Amino acid sequence: ATDHLEFEVIMELFDETGLRFDKDMVPQLDHDKSNRVCKVRYAPQRPGNYLLALKIKSGGDSLPISGSPFPVEVIDVD
């Protein structure tokens with residue numbers, strides 16, 4: 001039998017006023033099965049200070065990743 005776990009990563013991005021930007025988000029998920037590490041990448045559209053909330057959904061439960069939400073500062077590099 002193959003040992004596997006199915007889950008969904010839920011990302012929510014908020015600005016300083018609490019406004020959500022979920023509809024603009026197109027995250028990319030990289031999963032390294034050899035060491036059970038997942039990396040989530042997202043390229044924000046606007047500079048500013050944000051809170052990034054990450055949750056794992058498995059079955060009917062949705063639990064925040066330890067330390068979430070994370071403060072994120074996006075800077076313009078142009």
Side-chain angles (χ1 to χ4, degrees):
T2 303
D3 182 25
H4 73 278
L5 175 66
E6 292 185 21
F7 61 90
E8 177 183 356
V9 176
I10 300 169
M11 297 175 60
E12 298 172 329
L13 187 66
F14 301 89
D15 71 4
E16 293 174 311
T17 68
L19 182 64
R20 276 174 70 164
F21 288 93
D22 291 351
K23 293 182 180 21
D24 297 337
M25 296 183 72
V26 181
Q28 295 179 336
L29 179 66
D30 296 324
H31 180 206
D32 184 343
K33 293 180 182 178
S34 65
N35 61 7
R36 296 181 160 190
V37 170
C38 291
K39 295 180 182 179
V40 179
R41 293 182 288 143
Y42 167 68
Q45 303 298 314
R46 294 184 288 267
N49 292 310
Y50 298 93
L51 286 176
L52 177 63
L54 296 174
K55 298 177 186 176
I56 297 289
K57 184 175 182 180
S58 179
D61 297 327
S62 177
L63 301 171
I65 292 177
S66 180
S68 180
F70 304 97
V72 177
E73 181 181 8
V74 177
I75 58 172
D76 190 354
V77 293
D78 289 338

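Only a predicted model underlies this, so the values are computations on that prediction, with no experimental measurement involved.
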Any residue meeting side chain to side chain donor-acceptor pair (under 3.5 Å) with Thr17, in chain and number order, not counting sequence neighbours: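 Thr17 satisfies side chain to side chain donor-acceptor pair (under 3.5 Å) with Asp15 once adjacent residues are dropped.
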
Minimum heavy-atom distance Ser62-Ile10, with the two atoms named: OG-CD1, 3.8 Å

Considering all heavy atoms, the nearest Ala53-Ser68 contact: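 Scanning both residues, the minimum pair turns out to be CA-OG, 3.2 Å.
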
ring-ring contact (aromatic ring centres under 6.0 Å, His included) partners of residues 43-64, not counting sequence neighbours, each pair once: Phe21-Tyr50

Intermediate values then yes/no, side chain to side chain contact (heavy atoms under 4.5 Å, CB included), Leu52 and Leu13: CA-CA 5 Å; Leu52 177 63; Leu13 187 66; 4.1 Å; yes

Atom pair NZ (Lys55) and CG (Asp61), whose distance is rounded to the nearest 0.5 Å: 12.5 Å

Spacing of CG belonging to Leu63 relative to NZ belonging to Lys57, to within rounding of 0.5 Å: 11.5 Å

